[in-house]
Amino acid sequence: MEFFDFHHHKKYIRNGIYNLDIEGIPPDFPYSIGIHPKDIAADDLETQFSWMKGMMFNNCFAIGECGLDSLVPVDQKIQEEVFLRQINIANEVKKPIIVHCVRKFYEVISFRKKASQPMIIHGFNKKQRIASDLLANNFYLSFGKAVLYNLSLQDILKNTPLNQFFLETDNEDFNIEELYVKVSEIKGITLEQLNEQILDNLHTIKNG
């Protein structure tokens, strides 16, 4: 059985969504394209957006990762401007948005009403209260390696509706099948049922 890797940085993984780095060349399998907060060039934004728009080929599945990050040395207002522009692009091309967020979850939630497309928080690893608020605002959560050992995160995933999450490796070096096995145990369903549910969720976000 093949397991879909919702967000990864490895070109040898074809069954998933590859995160295309800024100025990168798109692969011939599903990828996401966006301007990460750490990569924002405030004095050259138009070049970055031109690159982004010019690389949205047939295999472009999503916009991102993009979002807000309180730890990068880019002015928050500029981050918000770049995030909003990418949300507007996603609205225009009708593609889901993969969101990067560090200590700015409630600011990200405030942008939800501006998006007509699904928004997915990748690498979710926070508290139940934040998860509940995100889910209540129709975000999807994508979980990674931390689920294998973080008990509180396992509880959060247990309480997350089946139709509102994905699984990913991000830039961690492990086999995503481990994660699927663990999550099937946490959710009390078979691997086959979990795999089918993730594919259903993918179909849902792809179709807006």
Side-chain angles (χ1 to χ4, degrees), residues 3-11 13 15-22 24 27 29-40 52 59-72 79 82-84 86-87 89-90 95-109 111-112 115 117-128 130-135 137-148 150 153-154 156-157 160-176 178-180 182-183 194 197-199 201-206:
F3 300 99
F4 195 87
D5 190 339
F6 184 76
H7 175 82
H8 68 87
H9 296 254
K10 308 162 194 76
K11 280 201 171 177
I13 296 175
N15 188 33
I17 302 172
Y18 173 72
N19 183 81
L20 186 66
D21 289 329
I22 192 82
F29 49 85
Y31 64 91
S32 61
I33 188 168
I35 304 170
H36 189 290
K38 69 177 174 56
D39 295 323
I40 293 171
M52 182 179 162
N59 289 314
C60 179
F61 187 97
I63 302 303
E65 55 185 295
C66 58
L68 304 175
D69 189 326
S70 66
L71 300 181
V72 302
Q79 287 193 44
V82 173
F83 186 32
L84 180 57
Q86 291 180 89
I87 289 172
I89 290 169
K95 294 186 185 296
I97 305 160
I98 298 176
V99 179
H100 167 93
C101 183
V102 175
R103 300 181 186 175
K104 288 286 176 181
F105 284 97
Y106 291 98
E107 289 84 350
V108 164
I109 286 173
F111 278 88
R112 183 67 186 96
Q117 300 302 304
M119 299 181 82
I120 306 93
I121 302 286
H122 102 84
F124 185 80
N125 188 11
K126 297 301 171 189
K127 297 187 184 308
Q128 180 67 63
I130 294 175
S132 298
D133 289 342
L134 287 165
L135 293 167
N137 282 277
N138 297 316
F139 283 85
Y140 290 77
L141 305 180
S142 186
F143 296 89
K145 188 177 183 179
V147 168
L148 298 176
N150 185 320
L153 196 59
Q154 290 174 13
I156 289 170
L157 201 150
T160 300
L162 281 167
N163 64 350
Q164 268 185 281
F165 76 86
F166 294 99
L167 302 174
E168 63 176 69
T169 60
D170 195 10
N171 52 15
E172 297 274 10
D173 188 20
F174 74 106
N175 190 331
I176 198 163
E178 293 179 56
L179 189 54
Y180 272 76
K182 187 67 178 178
V183 172
L194 175 59
Q197 181 67 58
I198 294 292
L199 295 177
N201 295 351
L202 277 170
H203 180 77
T204 298
I205 66 167
K206 186 176 183 180

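No side-chain donor-acceptor contact under 3.5 Å links Gln86 to the backbone of Gly64. Here the side chain of His8 pairs a donor or acceptor atom with the backbone of Ile13 at under 3.5 angstrom. Side chain of Lys145 to main chain of Asn171: no donor-acceptor pair is present (N/O by atom type, distance under 3.5 Å, no hydrogens or angles). A donor-acceptor pair under 3.5 Å is absent between the side-chain atoms of Asp39 and the main chain of Gly34, judged by distance alone.
Separating the CD1 atom in Ile198 from the CG atom in Leu202 is a distance of 7.0 Å, to the nearest 0.5 Å. Note: Ile121 CD1 to Leu134 CG = 5.0 Å, rounded to the nearest 0.5 Å. We find the CG-CD distance between Leu167 and Glu178 to be 12.5 Å, quoted to the nearest 0.5 Å. Atom CG in Leu194 sits 13.5 Å away from atom NZ in Lys182 (nearest 0.5 Å). Rounded to the nearest 0.5 Å, atoms CD (Glu107) and CG (Leu68) are 7.0 Å apart. Note: Ile176 CD1 to Thr169 OG1 = 5.5 Å, rounded to the nearest 0.5 Å.
Of the candidates Gln79, Arg103, Lys104, Gln79 is the only one forming a side chain to side chain contact (heavy atoms under 4.5 Å, CB included) with Asp69. When each of His122, Glu168, His7 is paired with Ser142, the side-chain hydrogen bond (donor to acceptor under 3.5 Å, both in side chains) condition holds for Glu168 and for no other.
Taking the side chain as every heavy atom from C-beta outward, Ser32 and Asn19 approach each other to under 4.5 Å. In this structure the side chain of Phe83 reaches within 4.5 angstrom of the side chain of Val108, judged on heavy atoms. Residues Phe3 and Leu179 fail the side-chain proximity criterion, which asks for heavy atoms closer than 4.5 Å. Annotation: side chain of Ile120 is in contact with side chain of Phe166 (closest heavy-atom distance under 4.5 Å). In this structure, Tyr31 and Cys60 have side chains that are in contact, with non-hydrogen atoms separated by less than 4.5 Å. You'll find the side chain of Leu135 reaches within 4.5 Å of the side chain of Pro161, heavy atoms only. Using a 4.5 Å heavy-atom cutoff, the side chains of Phe124 and Leu153 are in contact. For the pair Cys66 and Val82, the minimum side-chain heavy-atom distance is 4.5 Å or more.
Other residues, nucleotides and ligands contribute more than 12 heavy atoms inside 6.0 Å of the NZ atom of Lys11. In the displayed structure, Lys10 atom NZ is contacted under 6.0 Å by more than 12 heavy atoms of other residues, nucleotides or ligands.
Of all heavy-atom pairs between Met52 and Ile89, the closest is CE-CD1, 4.2 Å. Smallest separation of non-hydrogen atoms from Phe61 and Lys95: O-CB, 3.9 Å. The minimum heavy-atom distance linking Gly67 with Pro37 is given by the pair O-CG, 3.3 Å. Looking at every heavy atom in both residues, Phe165 comes nearest to Tyr140 through N-CD2, 4.1 Å. The nearest pair of heavy atoms linking Asn59 to Pro27 is ND2-O, 4.0 Å. What you find for Ile17 and Phe6 is that their closest heavy atoms are CB-O, 3.1 Å.
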*Evaluate the criterion side chain to side chain contact (heavy atoms under 4.5 Å, CB included) for residue pair Thr160 and Phe143; output intermediate values, then yes/no.*
CA-CA 11 Å; Thr160 300; Phe143 296 89; 3.9 Å; yes
_Working for side chain to side chain contact (heavy atoms under 4.5 Å, CB included), residues Gln164 and Leu141_ = CA-CA 6 Å; Gln164 268 185 281; Leu141 305 180; over 6 Å; no
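A donor and an acceptor atom, one from each side chain of Asp133 and Tyr106, are located under 3.5 Å apart. Side-chain atoms of Glu65 and His100 include a donor-acceptor pair closer than 3.5 Å.
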